[in-house]
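Here is the structure we will look at.
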Amino acid sequence: MGALCRRRVRLTLTISRLCVHHRLLLGLGSIGGMTAATLTSPLDVLKTRLQSDYYQAQLAATRAARHTPPLSTLSLPRSALLHFRETFQILFSIHRVEGWRALFKGLGPNLVGVVPARAINFYTYGNGKRLISQYFNNGQEAAWVHLCAAATAGIVTSSATNPIWVVKTRLQLDKSHAEQSGTQAVRQYRNSLDCTMQTLRKEGIRGLYRGLSASYLGVTESTLQWVLYEQMKSYLRRRESRLLASGRQRTVWDETVDWSGKVGAAGSAKLFAAIVTYPHEVVRTRLRQAPMQNGRMKYTGLVHCFSTIFKEEGMASLYGGLTPHLLRVVPSAAIMFGM
């Protein structure tokens with residue numbers, strides 16, 4: 001009887017620890033994601049606009065008016081300098097033309113989306129890693145375990161939150177409709193709810209899942225980020241173990257690595273993953289754009305979008321908005337993982 005009671009107590013404690021662990025994963029993902037989204041919102045608006053065909057056409061018209069040679073004919077330093085100049089000109093013009101509130105356009109759906117998105121991602125990844133290692137690798141973590149858990153987390157997160165990102169993207173690109181009408185007062189969407197309802201009326205439920213195929217393709221980014229992050233964390237743990245085993249006194253450098261190692265690992269992993277997989281971001285934004293005035297979508301699918309951008313605008317357009325994207329997501333990842 002005593003043994004049965006002890007087993008029940010152990011089972012109760014285990015369940016309690018798992019509940020705390022699950023709540024911690026959800027809480028950390030939510031708080032970190034919300035903080036990072038708020039602090040980096042202006043860069044998110046800038047990135048989305050630079051990814052759209054409307055703003056790329058504006059840049060092309062401005063270059064033509066200034067008689068700027070085609071980017072393909074410029075040297076790498078001149079091309080990079082022009083890119084940085086145009087990027088920050090658009091950023092500063094948003095504040096001048098539309099007011100400071102425009103720098104936080106789409107922040108509402110972003111916050112609504114980032115909390116469940118990060119919570120789902122952290123929760124699915126953390127528990128997926130535990131279950132996969134427990135049932136398929138004798139309780140041991142490995143790179144393939146991290147890869148499978150990250151891919152699962154990315155697919156689940158994209159499927160659950162795609163409608164929110166469609167609304168956010170369309171709100172951030174809504175300035176194009178105001179300018180085309182010739183007045184600052186007229187916009188297509190009044191707010192997030194209006195955008196959602198218009199999308200449902202005109203395109204049906206499928207409209208809220210525009211760009212989902214590109215989101216699935218983007219799972220490679222989050223997967224690569226998680227795998228790199230785990231490998232860097234593993235290196236830091238081995239370094240700490242060697243330091244403890246050696247018995248030597250900790251130096252200032254050791255304290256610096258201990259304090260900043262995981263934040264640096266998160267930022268570095270995100271930087272590499274974002275650069276390698278960036279074109280899917282542009283394609284996803286284009287697929288989420290509102291239909292044209294005739295009600296037709298310019299891009300009919302993932303492959304069509306890739307080929308159309310490449311033929312009409314060149315390879316460089318598949319990296320439109322990369323600078324603000326990196327300026328946003330690298331510190332964002334460091335903030336989120338650090339918190």
Should we say atom [atom1] of [X] is surrounded by more than 12 heavy atoms from elsewhere, each under 6.0 Å from it?
| X | atom1 | result |
| --- | --- | --- |
| R190 | CZ | no |
| Y216 | OH | yes |
| R248 | CZ | yes |

Determine whether [X] and [Y] make a side-chain contact, defined as any pair of heavy atoms from C-beta on separated by less than 4.5 Å.
| X | Y | answer |
| --- | --- | --- |
| L50 | H325 | no |
| T220 | T223 | no |
| Q289 | Y299 | yes |
| I132 | N137 | no |
| T199 | V167 | no |
| S215 | R288 | yes |

Do S41 and D44 have side-chain N/O donor and acceptor atoms under 3.5 Å apart?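 No, D44 and S41 have no side-chain donor paired with an acceptor closer than 3.5 Å.
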Polar side chain donor-acceptor pair, S234 to R238, under 3.5 angstrom: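 Note: S234 and R238 side chains meet the donor-acceptor criterion.
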So, the side chain of S133 versus the backbone of R130: is there a donor-acceptor pair under 3.5 Å, distance only?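 Judged by distance alone, yes, a pair lies under 3.5 Å.
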Which side-chain N or O atoms in residues 273-280 pair as donor and acceptor under 3.5 Å with protein atoms at least two apart or in another chain?
unit_1, atom_1, unit_2, atom_2, d
T277, OG1, A273, O, 2.7
Y278, OH, Q51, NE2, 3.0
Y278, OH, G320, O, 2.5
Y278, OH, G321, O, 3.3
Y278, OH, L322, N, 3.4
H280, ND1, T277, O, 2.6

For R328, is there an ion pair with E281 - N to carboxylate O distance below 4.0 angstrom?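 Salt bridge between E281 and R328, a charged N being under 4.0 Å from a carboxylate O: no.
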Would you call R286 and E313 a salt bridge, using N to O less than 4.0 angstrom?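 E313 and R286: salt-bridged.
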Mutual orientation of the aromatic rings belonging to W226 and Y125 [parallel < 30°, tilted 30-60°, perpendicular > 60°]: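 Aromatic pair W226/Y125 classed parallel.
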Check G154 against S222 and note the closest heavy-atom contact, atom names and distance.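 Closest pair (atom of G154, atom of S222, distance): CA-OG, 4.1 Å.
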Mind checking whether L46 and L107 sit in one hydrophobic cluster, side chains of I, L, V, M, F, W, Y counted as touching below 4.5 Å?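 In one cluster with L46: L107, yes.
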Following the transitive rule for hydrophobic clusters with a side-chain heavy-atom cut-off under 4.5 Å over Ile, Leu, Val, Met, Phe, Trp and Tyr, establish whether V329 and L318 coincide in one cluster.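 In one cluster with V329: L318, yes.
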